[in-house]
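Input: a single structure, listed below in C-alpha cells.
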Amino acid sequence: MAKSNLGSYFENFLIKDSLFRSKQALQTNYDPEAILHRDEQMQQIADVLAPSLRMEKPSNLFLYGNTGTGKTLTTKYATSELASVAKKQSLGLRTVYINCKLKRTADTEYRLIAQLLRDLGREVPATGLPTEELYKILFNILNSSNDVIILILDEIDYLVNKIGDGFLYNFTRMHESTNSKISIIGISNDLTFIDNVDARVKSSLSEEEIVFPPYNAYQIQNILRERAKVAFKEDVISPGVIEKCAAHAAREHGDARRALELLRVAGEIAERASSKKILLAHIDEAENKIDRDRIYDVVSTQPRQYQLTLFSIISLASAKKGAIFTGEIYDFYKSLCDRFNVRPLTHRRISDIIAEYDMLGIVNAKIISKGRYGRTREITISLPKESLGRLSQFLEKELGL
DNA sequence: CCTCCACCGGAACGTGAGGAGT
DNA sequence: ACTCCTCACGTTCCGGTGGAGG
C-alpha cells in the first residue's frame with residue numbers, strides 16, 4: 001500500500017461502521033477534485049500569472065472576499081498548476097505560500113522573512129538576528145538568480161494590522177533592486193483593508209484585483225453535495241439536510257467552510273446517537289456544539305488574568321439584570337484578586353482584555369455615554385442563557401475556586 | 001450651551017524570556 | 001561572559017469624548 005494511503009486506511013478501518021466514508025473531505029485542508037463556482041476568478045488569476053512562464057515578472061495581485069469564499073483554495077490550485085508546468089519546462093519559477101496568521105510562524109516581520117527564507121531553502125535562526133540581517137540574506141538569494149518568485153501572503157490584513165505596512169513597502173519594491181522577479185499575491189478577508197495602507201503600497205500591491213463574492217445558498221448546496229459524495233456513505237443524508245446547512249451558511253456571509261464544518265459535526269452527532277441517517281435536528285445540535293466548543297477551546301487556553309476577567313463578567317451578568325459596565329467589572333475583578341492573592345492588573349489592561357473578548361464574540365461591548373456619569377462600555381454576554389451556568393462552572397474549576 | 005464624569009484608546013516605555021554571535 | 005537582537009505582556013501617562021445635568 002502506498003505510504004500516502006496508509007493514513008486513510010487507518011481512518012477507514014476505524015470508521016467501518018460509521019456514516020462516514022472519508023471524513024477528510026469535509027475538513028478544511030482537503031483539496032477537492034473540482035473547485036465549483038470559481039471559474040471566473042480562476043481564469044483571472046491565470047491571466048495575471050501566465051507571463052511568469054515567459055520569465056517575466058507578473059503583476060502583483062490582490063484578492064479579497066469573506067472567509068470561506070474559496071480564495072486560498074483557488075489560489076493554491078492555480079499556482080500549483082503553474083508550478084508544475086514550469087517544472088516540466090525546467091523554468092526557474094517558484095511559488096511560496098505563507099499564511100500570515102499562523103502563530104509563531106509568520107505573524108511578525110522577522111518571522112515572515114524567516115519563513116520565506118526557509119521556503120527558499122535557506123535555514124535561519126528563529127530569533128537572535130536583527131531583521132535587517134534577514135533582509136540582507138534575502139537580497140543575496142534574490143540577486144544570485146533570475147528566478148521568478150511568486151509569494152502568496154494569505155491573511156495579509158492580519159499581519160498589516162499587527163505590524164503596519166512597512167514590510168509591504170519593502171516587498172513591493174524588492175524586484176527593483178535585485179535580479180529576481182518577485183511578485184506578491186495578497187489575500188485578505190477584510191474588504192476595507194487596502195484603503196488603510198500607504199498609497200504607494202496600495203497602488204503597487206493591487207496592480208490587479210480580484211473579488212471573491214460570497215457563495216449563494218444554491219452554490220453552497222452544490223459544494224456540499226460534491227463533498228458529501230466523498231465524505232459519506234450512500235443514503236446517509238436525509239432530504240433537506242444539505243439545504244438546511246447551505247441556508248445557514250448563506251446567512252453567515254456565504255461561508256462554505258462553515259457549511260462544511262456544520263455538516264461534519266452533524267454527521268458526528270448523528271453517529272454518536274447511533275442514527276442511521278443525519279437528520280435535520282442534528283444540524284441544530286451541531287450549530288450549538290460548534291459555538292460551545294469554540295468558547296471552551298479559547299477559554300481554557302487563556303492566561304489566568306483573562307479567565308478572572310471573564311469570570312467577573314459572567315458573575316456580574318448573572319447576578320444583575322441588563323447590561324454591565326467596565327467599572328463594575330474592574331471592581332469585581334479586583335476583589336477577586338484580593339481574595340486569591342493575585343496581583344491585579346491595571347484598569348487599562350482589563351479594558352483591553354474586555355475588548356479582546358468582544359472581538360472573539362464571547363461578549364458584546366458597546367461604548368456608550370452616560371452623560372454626566374461618564375463614558376464606558378456597555379457589556380452584554382452574547383451566549384445563550386443555558387450555556388452560561390456551565391461556562392461559569394467550567395471557569396470555577398479552571399481557576400481552582 | 002457648557003461642563004465634566006468615567007472611562008476609551010494611542011503611545012512610549014519597562015521587564016524578562018529566548019536566542020545569536022563573539 | 002557579554003552584547004545585541006525580537007517579542008509578549010504590562011504599566012504609566014495623557015489627550016479625547018458623548019451627553020445628562022446644571
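None of the values given here were measured: they were computed from a predicted structure. A, B, ... follow the sequence lines: proteins, then strands. Residue 1 opens every chain.
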Practice prompt. Just call it for A/Thr376: base, sugar-phosphate, or nothing, with non-hydrogen atoms closer than 4.0 Å on any strand.
Written response: sugar-phosphate

Worksheet item: chain A on DNA chain C: first and last contacting nucleotide, 5' to 3', under 4.0 Å to a heavy atom?
Response: C/dC5 to C/dG21

Worksheet item: salt bridge (Lys or Arg N to Asp or Glu O under 4.0 Å) with A/Glu234: which residues, sequence neighbours excluded?
Response: A/Arg21

Worksheet entry | Salt bridge flag under 4.0 Å for residues A/Lys244 and A/Asp284 | yes

Practice prompt. Scan side-chain atoms only and decide if A/Asp39 and A/Gln43 contain a donor-acceptor pair under the 3.5 Å cut-off.
Written response: no

Discussion item. Could you tell me if A/Lys23 sits above the aromatic ring of A/Phe20, with its cationic atom closer than 6.0 Å to the ring centre and no more than 45 degrees from the axis?
Written reply: yes

Worksheet entry | Distance under 6.0 Å and angle within 45° of ring axis: A/Arg349 vs A/Tyr330 | no

Please tabulate, for side-chain N and O atoms in residues 350-367 of chain A, each donor-acceptor pair with protein atoms closer than 3.5 Å (sequence neighbours left out).
{"unit_1": "A/Ser351", "atom_1": "OG", "unit_2": "A/Arg377", "atom_2": "NH1", "d": "3.1"}
{"unit_1": "A/Asp352", "atom_1": "OD1", "unit_2": "A/Arg348", "atom_2": "NH1", "d": "3.0"}
{"unit_1": "A/Asp352", "atom_1": "OD2", "unit_2": "A/Arg348", "atom_2": "NH1", "d": "3.4"}
{"unit_1": "A/Glu356", "atom_1": "OE2", "unit_2": "A/Tyr306", "atom_2": "OH", "d": "3.1"}
{"unit_1": "A/Tyr357", "atom_1": "OH", "unit_2": "A/Gln302", "atom_2": "OE1", "d": "2.7"}
{"unit_1": "A/Tyr357", "atom_1": "OH", "unit_2": "A/Tyr306", "atom_2": "O", "d": "2.9"}
{"unit_1": "A/Asp358", "atom_1": "OD1", "unit_2": "A/Ala365", "atom_2": "N", "d": "3.3"}

Practice prompt. Side-chain contact test, heavy atoms from C-beta onward, threshold under 4.5 Å: evaluate it for A/Phe62 versus A/Glu208 and give yes or no.
Written response: no

Worksheet item: Within a strict 4.5 Å, meaning less than it, do heavy atoms of the A/Tyr135 and A/Phe167 side chains meet?
Response: yes

Practice prompt. Check the surroundings of atom NZ in A/Lys57: do more than 12 heavy atoms from other residues, nucleotides or ligands lie under 6.0 Å from it?
Written response: yes

Fill in: Residue pairs fulfilling ring pair (Phe, Tyr, Trp, His ring centres under 6.0 Å) with at least one residue in residues 84-109 of chain A, sequence neighbours excluded
none

Worksheet, complete the sentence: Span of DNA chain B engaged by chain A, first through last nucleotide within the 4.0 Å heavy-atom cut-off, is B/dC4 to B/dG21

Worksheet item: Residues from residues 334-367 of chain A sitting under 4.0 Å of DNA chain B, heavy atoms only?
Response: A/His347, A/Arg348, A/Ser351, A/Ile367

